[in-house]
Amino acid sequence: MKVRTRFAPSPTGFLHLGGLRSALYGYLFARKNNGSFILRIEDTDQERYVEGATQVIYDTLRDCGMNWDEGPDVGGEYGPYIQSERKDLYLPYARQLVESGHAYYCFCTKEELEERRQAAEARGEVFKYDKHCLHLSKEEVQRKLDAGVPYVIRQNAPTEGETSYHDIVFGDMTFPNDSLDDMVLIKQDGMPTYNFANVIDDHLMGITHVMRGMEYLSSTPKYNLLYQAFGWEIPQYIHMPPVMRDEHHKLSKRDGDAYYSDFIAKGYLSEAIINYLALVGWNPGTEQEFFSMDELIEAFDVTRINKSPGIFDVNKLTWFNAEYIRRMDPARYLEMVTPWFDQVLAGKGINYPRLAELMQERTEVFNQVPAMVAFLGELPDYDISLYTHKKMKTDAAISKANLEMIRPVLEGIGDWTEQNIHDTVIPAIAAAGLKNGAVLWPLRIAISGLASTPGGAIEIAWLLGKEETLRRVDDGLRRLS
RNA sequence: GGCCCCGUGGUCAAGAGGCCUAAGACAUCGCCCUUUCACGGCGGUAACUCGGGUUCGAAUCCCGACGGGGUCACCA
């Protein structure tokens, strides 16, 4: 049978990295098995609806290289793929269950339920619906229905025995039936609950492998009872542990910075995000850690998904990002880094291609770039203590002397190229009987005002241009006087 | 609280009874390279939650405790 998996997000805002990883695993599993990946939008909760959220889901998945075979925008033979457009199809199924005795009408009001819930709590008990309305006579039910009394439809779950199922990652699961509550299938407004819609949709859409968060582990028996009541085949289950923000909290919509779009805005690459995310909760069983999407598909094996939650480590993501940037085609890097350069260097006449070369292996995340190159646009104010460097054997006095020595050398350079600067400056230092560092350190401080810079004194001098270089050397000399 | 799941270094993790004196990666620390920083190279610190079993032998199996998470909605 052809594998069919689905990603079924609610369009409640942005896609956070935990959700993205769920989508990824579903996608990888489908592709690995030459199956279909289906996108279904679960928007039955109109209160949580956020304008444009569906588009964000599309954009994010596509951006990450995940394409779906069926979905709201691409169609498919099992549509519609937006749950709100399917709302009329659930009630008949619920009625069918009432007919067969697997469900029943319930006229208890929310208020009554709430009272009983609180009473139970006061007694220190766990509230469980007592099947009150299950015992209404057929006539009475009909009378209420005819009178237009509001109702919900509840599942009639067994109270004795136990229900078991097999989960591909968690193994065999068994739950006592008395822990099963008679969950609501159809709400008072006629809309299905998430639980019910899910079962119906997954079946109607031919989903063979239900992949979802492990928070559904304990409600799965109730779903299975539903499948059985309909005489439908129960799908395979692949429950996945959550991605955590820390030991106690999982990544959620509340953690604003866990949104995919925020990471992209900061300058993280989608390839790095996907690569990192794939490895939180799963591993290939080999030493390989860099994976393209195709390689992930090739290596993915659901049985290697871990059972325990994984904490999201932005450090490691950042490392992956830095690695991806280093391995990037230089032309692409230049293109991507240009807007970040522009933030602080627009109109300053700095040679971007050369600066990009110097910056590429030093860039971990693009948003660090402006602060690293801003000094080229404007010399920052700095303290002369920077001139003192133990290893270079420099202090303020030595720096001043060496700067005075090298200034005329620089001034005498005709063709201001890196090669010429190097070939003039290095011999001059040797001629003066000094170590390279003794001159180049103060020079770099003078023209950058920074303890660390992308590139050394010569590269920076070239980027700055002769005029600006001399101007900054003079400025340094003034500071040292 | 009932039920369910999980428990290897700070983090991700390998490990499916002897190959474990417990891999690898990130982070961290040190050294080397180097005109700074970074990259790179080398090395260090750092873990089987605890207690009982089973076994000739347990990180691996069983039980219990403890810890963490989930779930018990007319939310999804």
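Below, chain A is the first sequence line, B the second, and so on; all start at residue 1.
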Heavy atoms from C-beta onward define the side chain here; which of [options] lies closest to that of [X]?
X      : options             : value
A/D181 : B/A27, B/C37, B/C72 : B/C72
A/E361 : B/C39, B/C5, B/A76  : B/C39
A/N315 : B/G7, B/C26, B/C74  : B/C26
A/F170 : B/C12, B/C6, B/U36  : B/C6
A/N436 : B/U35, B/U36, B/C72 : B/U35
A/R117 : B/A73, B/A76, B/C12 : B/A73
A/F127 : B/U36, B/G1, B/A73  : B/A73
A/K110 : B/C74, B/A76, B/U71 : B/C74
A/I311 : B/G40, B/C12, B/A14 : B/C12
A/M392 : B/A25, B/C12, B/U35 : B/U35

Return the nucleotide paired to [N]: Watson-Crick means purine N1 to pyrimidine N3 with N6-O4 or O6-N4, wobble means G-U with N1-O2 and O6-N3, both under 3.5 Å.
N     : result
B/U54 : none
B/C48 : none
B/A22 : none
B/G2  : B/U71
B/U36 : none
B/A59 : none
B/C31 : B/G41
B/G9  : none

Quick one: A/N306 CG to B/A13 P, roughly how many Å, whole number?
5 Å
d(NZ, A/K393; P, B/U36) in whole Å:
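Whole-Å distance recorded here is 13 Å.
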Taking 4.0 Å as the cut-off, does a side-chain nitrogen or oxygen of A/H248 come that near to OP1 or OP2 on B/G69?
yes
Using 4.0 Å as the upper bound for N to carboxylate O, is an ion pair formed by A/R327 and A/E323?
yes
Do the side chain of A/K250 and the main chain of A/P241 share a donor and acceptor less than 3.5 angstrom apart?
no
Is the side chain of A/R6 donor-acceptor paired with the backbone N or O of A/I38 at a distance under 3.5 Å, no angle test?
no
Looking at every strand, decide which applies to A/V280 at a 4.0 Å heavy-atom threshold: base, sugar-phosphate, or nothing.
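If one applies the 4.0 Å heavy-atom cut-off, A/V280 turns out to touch the sugar-phosphate alone, with no base involved.
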Across the strands shown, which category fits A/Q368 at heavy-atom distances under 4.0 angstrom: base, sugar-phosphate, nothing?
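The answer is nothing, as A/Q368 stays clear of every strand by at least 4.0 Å.
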Can you say whether a donor on the side chain of A/K391 sits under 3.5 Å from an acceptor on the base of B/U36, or the other way round?
no
Would you kindly check whether a donor in the side chain of A/K316 faces an acceptor in the base of B/A27, or vice versa, at under 3.5 angstrom?
no
On RNA chain B, check which nucleotide each of A/E323 and A/R362 is closest to and give me the residue with the more 5' one.
A/R362
Reading RNA chain B from 5' onward, which residue's closest nucleotide shows up sooner: A/G281 or A/D172?
A/D172
On the 0 to 90° scale, with breaks at 30° and 60°, tag the A/Y105-A/Y151 ring pair as parallel, tilted or perpendicular.
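Correct class here is perpendicular.
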Where do A/V141 and A/F107 come nearest, in terms of heavy atoms and distance?
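Scanning both residues, the minimum pair turns out to be O-CZ, 3.9 Å.
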Restricting to non-hydrogen atoms, name the atom on A/R154 and the atom on A/C106 that form the minimum distance, rounded to 0.1 Å.
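Heavy-atom minimum between the residues: NE-SG, 3.4 Å.
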